[in-house]
Each structure stands twice: as structure tokens, then as C-alpha cells.
Amino acid sequence: MAEQNAILKVGDKEVELPVLTGTAGHSVIDVRSLGASGYFTYDPGFMATGSCESEITFIDGAKGILLHRGYSIEELARDADYLEVVHMLLHGEAPDAETYKEFKQTITMHTMVHDQVNNFFRGFRRDAHPMAMLCGTVGAMASFYHDDLDISDSEQRIRSAYRLVAKMPTLVAMCYKYSIGQPFVYPSNELSYAENFLNMMFSVPAEKYNITPAVARAMDRIFTLHADHEQNASTSTVRLAGSSGANPYACIAAGVASLWGPAHGGANEACLNMLEEIGTVDRIPEFIAKAKDKNDPFRLMGFGHRVYKNHDPRATVMRESCHEVLAELNLQDPLLDVAMELERIALSDAYFAEKKLFPNVDFYSGIVLKAIGIPTNMFTCIFALARTVGWISHWHEMLSQPGQKIGRPRQLYTGESQRSYVKIDK
Ligand code: SDX
């Protein structure tokens, strides 16, 4: 892939660096040999730094394109279900009908968790944030599964991947049930992945939960829209944790922790809270002014993206899903009116156009999740559930690549020069 070289001239030095070109997107300057020149690159926030080579997902931020294994997110959201996307992210190809049937059965057979997991929850406060419970219980999974911790064995890596994809809905539903004081609901093998999750969330021993097809379809689509997104903060966290040889459950727990932040996966919860704070369309200008005020730390949650500078294709699909779900459930949600008007005003405001701030995946997801009956403080857990396949696919890909090294960035040191220590009694 090295087609040409870049020449770096600095001081009296001239360094030649290979330029690597992929299938699409930016070519990269390979700086792995740069250290010998006495220089490092410097890129806090990784604004222009590629951390790895990957075949899983491609994003074109300027054109608003998102591909998983070459398939556009729009087509996958329309024509595939989440487990088909899971299969292609993990294995590289969409399953044919026969493979899909076997794959679905395999995942289904891993949906239960060890019954002692119930005891972990007993230690949490009932009002603990569900992400705190999820972070703890995912990491603790390593205490139950000792037959898939040899990360050098591809088969064991895939088995742990299947376990995680299968068990996340069960763990997320347990976080919810524990927080509302209802008994845990076991998985049901005759239900689809999304139906099973909804059933574990909303059924109670006293009465059957009637699954609405529109709700199950919307839930499945939300999982697909959140499945993977290249080298975002939480995926990079999982890769870095995995580069030290940590077990898959510890790595995914690290991903859950990173996703929790309001600048990342926590934005869907923060966005709905913001829409509720705005409350009515006439208060939108007040919040737009706050978002533009340099002295005000307030940001429009659900707007902006490090990569997308045109539009987030997932937001477009999510907006359509929003209208469909509310119409099919015959629901009116004034927050949708606020969201639509906020989007309209923001997109016509020079500040947002100049800063390339568009609604991202988190902007509409909260409204759909609320319409489905998911409480706001569970939104990021849903994101973590869906993103687990992306995290574990990148982890598996990294460990499959030859010459994989531990991630260890360098720094620009601006601290004290060496000085002598004076003993305290002097
Ligand atoms: C996700 O990376 C991924 O792929 C993530 C994700 C995934 O699928 O994994 O897509 C999921 O995390 C989506 C993003 C969810 N976060 C939010 O909605 C929170 C609100 N958005 C921002 O915090 C922000 O836009 C980020 C974090 C998403 C992106 O930040 P960047 O790229 O580091 O940009 P920045 O913070 O440097 O902002 C650039 C400018 C700044 O103004 P100046 O200092 O240049 O004057 O734009 C302004 C910011 O103040 N700005 C905003 C804004 N976002 C950026 N101003 C108002 N409202 C906002 N939302």
C-alpha cells in the first residue's frame, strides 16, 4: 500500500516517510520510523491520526457516508436486521439464509447469564445509574468464563464475542429491572433478538408483555444504527485495552465506561434532557443563544460530530424512524416538534453552518426510545448494548492482525527540568 513517500523537513533534518493508501478515504503518512529523527508527532484528540488499519467500517465525513463492510447504513437499516449486521461486522460477510439461521440459534443459546450475576446487583443502590451497574457487571463476566480467555485463539475470541453480543441485552434489562424494583426476566428463546430484549425489559410475572411489531422493528433498527462507527472514543478505548492482552470482558467494560461520557454515548440521554428543559418551541432561541455564547459551556446535545461535517446519515434514518414509530403507535410527542424546530433553526443559523454542526445519531434516538417506553437514564445502556458488536469486532480484528503491538502514545513534556531533591529535614 506504500505508493509514494512524504518528505518531512525539520531543522537540518530531512525525513522520508511512506504514504499508505487504502480502499477509500484519506491516505496516511506512516510515521512509525519518525522517532529515530528525534521528533514525535503531536495530535491530542487524534484530530488527524490513524491508529490502525481496519476493514470493518468506513466513514466519509464530508459526504455523510457510513459503510459497514461496504454496505451503506441506509440500506442495512432498511433491508437487514441487527443480527445480520452483527454477523457481517464480526465475520466480514452478510450471512446467507442457512448461516443466519444457525448464527441466530447460536446467539440465542448464549443469552442467559450465570445465576450468580444476580448477586452482583444486590450490592448496587436501586437508584444507581444503570451505566454504573452495566460497567460493573460486564467486567465481572470475566469471573465466569475461563474457557474463552486465550485471546491468541481465534475460536475463543469469537466465542467470547458471541457471549457478549448475546448477554448484553440480558444484562441491560437486568440493570433496568433492578432500578425499578421488578424481578429479572429470563431470556425467551422463541423471540427475536429485539423482541427478547423488549420482553426482558417490560414483561412482569403477573402478565404477558405484548410485543408490538413496529416497536420491535424500531428497536432492531436502533441497534443497527448504533452497531459500529470506526475508531470513535469508546472503540479506541477497547482497542487500547485489548492491546495489552486484557480479556474481552475487561475490554468491553472499558468501552462501556468511555461511552458513558456526555460528549459521546451519553449524549442521547443529555439530548432528551435538553429537549425537556427547552420544553416548548418558543424557548428554542434562548438555547441557541446559549450554545453560541463563548462564555457559556452549554452545547446543543445531539449536535456536532468530529467526523461528519455534512450530515450524520444515521440521524436521517433515525428521524424517519421517529415519525414512523410515533405514527404507528398513534403517539404525539411535543418534544418531536421541539426537536424538528430546533433542527430547522440550527441548520439555518450561520453559526452552526460555519461550525459544521448537524444533528448526529443521538439527536432523534432519544425520542424514539422514549416512544418505545425506554426511560431516559437507560438510553446509553441501549447504545452500549448495540455497540458491543462494533467494539468486539475491532478487538477481534486487532488481535487477528500480525505484529500487533501494545498501544503506547508518547507526549510533549513541559514539566520541570531535572532538579535535586532536598530532604524534608533540610
Ligand atoms: C457520538 O466519534 C464518533 O463516531 C461518535 C459517535 C459514535 O457512533 O461512536 O458518532 C457517537 O458520540 C456522537 C456525538 C454525541 N455528542 C454530542 O452530541 C455532544 C455535543 N457535541 C459536542 O460535544 C461535539 O460536537 C463533539 C464532541 C461531538 C465533537 O467535538 P469536536 O469534533 O472535538 O469539536 P469541538 O468540540 O472542537 O467543537 C468545534 C467548535 C467549538 O467552537 P470553537 O471553540 O471552535 O469556537 O464547535 C463548537 C465548539 O464550541 N461546538 C458546539 C457543539 N459542538 C461543537 N457548539 C454548540 N453545540 C454543540 N453541540
Side-chain angles (χ1 to χ4, degrees), residues 25 43-51 54 56-62 64-68 73 77 85 89 222-239 255-275 278 284 286-318 339 342-343 345-347 349-367 379-380 382-391 393-394:
D43 187 12
F46 308 116
M47 305 291 281
T49 293
S51 61
S54 182
I56 299 172
T57 289
F58 174 70
I59 300 172
D60 183 323
I65 291 171
L66 168 58
L67 307 178
H68 292 316
I73 191 62
V85 176
L89 289 173
I222 284 178
F223 290 158
T224 294
L225 291 172
H226 289 82
D228 187 50
H229 211 239
E230 201 210 65
Q231 306 309 324
N232 57 85
S234 51
T235 300
S236 299
T237 300
V238 171
R239 278 180 171 264
V256 172
S258 172
L259 186 77
W260 195 356
H264 191 12
N268 53 17
E269 177 179 358
C271 182
L272 198 85
N273 290 336
M274 176 191 73
L275 291 173
I278 294 173
I284 290 175
E286 173 193 335
F287 284 81
I288 293 272
K290 278 170 63 72
K292 292 158 72 172
D293 179 355
K294 280 281 145 250
N295 301 315
D296 190 328
F298 172 80
R299 289 192 167 186
L300 281 184
M301 302 318 283
F303 274 80
H305 200 278
R306 169 63 61 76
V307 178
Y308 290 123
K309 300 306 175 187
N310 178 311
H311 71 284
D312 182 339
R314 301 168 297 175
T316 310
V317 178
M318 194 67 82
L342 177 57
E343 181 185 28
I345 294 176
L347 296 188
D349 186 304
Y351 175 86
F352 293 93
E354 177 206 317
K355 301 240 182 248
K356 311 277 186 206
L357 300 176
F358 302 86
N360 57 45
V361 68
D362 295 301
F363 186 63
Y364 284 99
S365 56
I367 298 170
F379 286 3
T380 309
I382 305 282
F383 196 151
L385 186 168
R387 185 54 59 85
T388 292
V389 64
W391 290 332
S393 297
H394 282 275

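Just so you know, ligand 1 is whichever comes first in the structure, and atom 1 is the first atom listed for that ligand. Note that these values count all heavy atoms, side chains included, but never hydrogens, waters or copies made by symmetry. In this text the structure is predicted, and so the values were computed from the model without any measurement.
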Are any non-hydrogen protein atoms located under 4.0 Å from [atom]?
atom                    : answer
atom 20 (C) of ligand 1 : yes
atom 23 (O) of ligand 1 : yes
atom 34 (O) of ligand 1 : no

Please confirm whether the backbone N or O of [Y] pairs with a side-chain atom of [X], one donor and one acceptor, at under 3.5 Å?
X      : Y      : result
Asn268 : Gly366 : no
Asp60  : Ile65  : no
Asp362 : Ala267 : no

Region of Pro262 engaging ligand 1 - heavy atom pairs below 4.0 Å: backbone

Which of the ligand 1 atoms, numbered from 1, are nearer than 4.0 Å to a heavy atom of [X]:
X      : result
Ala267 : 15 (C), 16 (N), 17 (C), 18 (O)
Lys355 : 40 (C), 42 (O), 43 (P), 45 (O), 46 (O), 47 (O)
Gly302 : 17 (C), 18 (O)
Asn232 : 2 (O), 3 (C), 4 (O), 5 (C), 9 (O)
Tyr351 : 48 (C), 56 (N)

What pair of heavy atoms forms the shortest contact from [X] to [Y], and how long is it?
X      : Y      : result
Ala233 : His264 : CB-CD2, 3.8 Å
Pro359 : Asp312 : O-CB, 3.6 Å
Asp228 : His68  : O-CE1, 3.2 Å
Gly255 : Ser234 : O-CB, 3.5 Å
Phe352 : Ala291 : CZ-CB, 4.1 Å
His226 : Arg387 : O-NE, 2.7 Å

Tell me the protein heavy atom at minimum distance from [atom], and give that distance in Å.
atom                    : value
atom 37 (O) of ligand 1 : Arg299 NH2, 4.7 Å
atom 54 (N) of ligand 1 : Leu357 CD2, 3.6 Å
atom 14 (C) of ligand 1 : Asn360 ND2, 3.5 Å
atom 15 (C) of ligand 1 : Asp362 OD2, 3.2 Å
atom 28 (C) of ligand 1 : Gly304 O, 3.7 Å
atom 9 (O) of ligand 1  : Arg387 NH1, 2.8 Å

Rounded to the nearest 0.5 Å, what separates atom [atom1] in [X] from atom [atom2] in [Y]?
X      : Y      : atom1 : atom2 : answer
Met318 : Asn360 : CE    : CG    : 10.0 Å
His311 : Leu347 : NE2   : CG    : 11.5 Å
Leu275 : Ile284 : CG    : CD1   : 8.5 Å
Glu269 : Thr380 : CD    : OG1   : 5.0 Å

From the options [options], select the one whose nearest heavy atom is closest to [atom].
atom                    : options                        : value
atom 31 (P) of ligand 1 : Lys292, Gln231, Arg306         : Arg306
atom 44 (O) of ligand 1 : Lys290, Lys294, His264, His229 : Lys294
atom 6 (C) of ligand 1  : Met301, His305, Met274, Met47  : His305
atom 16 (N) of ligand 1 : Ala386, Ala227, Ala263         : Ala263

Is the shortest N/O to N/O distance between [X] and ligand 1 below 3.5 Å?
X      : answer
Arg314 : yes
Lys309 : no
Leu300 : yes

Does ligand 1 have an atom that lies less than 4.0 angstrom from a heavy atom of [X]?
X      : value
Val307 : no
Ala233 : no
His226 : no

Parallel, tilted or perpendicular: ring planes of Phe287 versus Phe298, cut at 30 and 60 degrees: perpendicular

Phe46 CZ: over 12 foreign heavy atoms closer than 6.0 Å: no

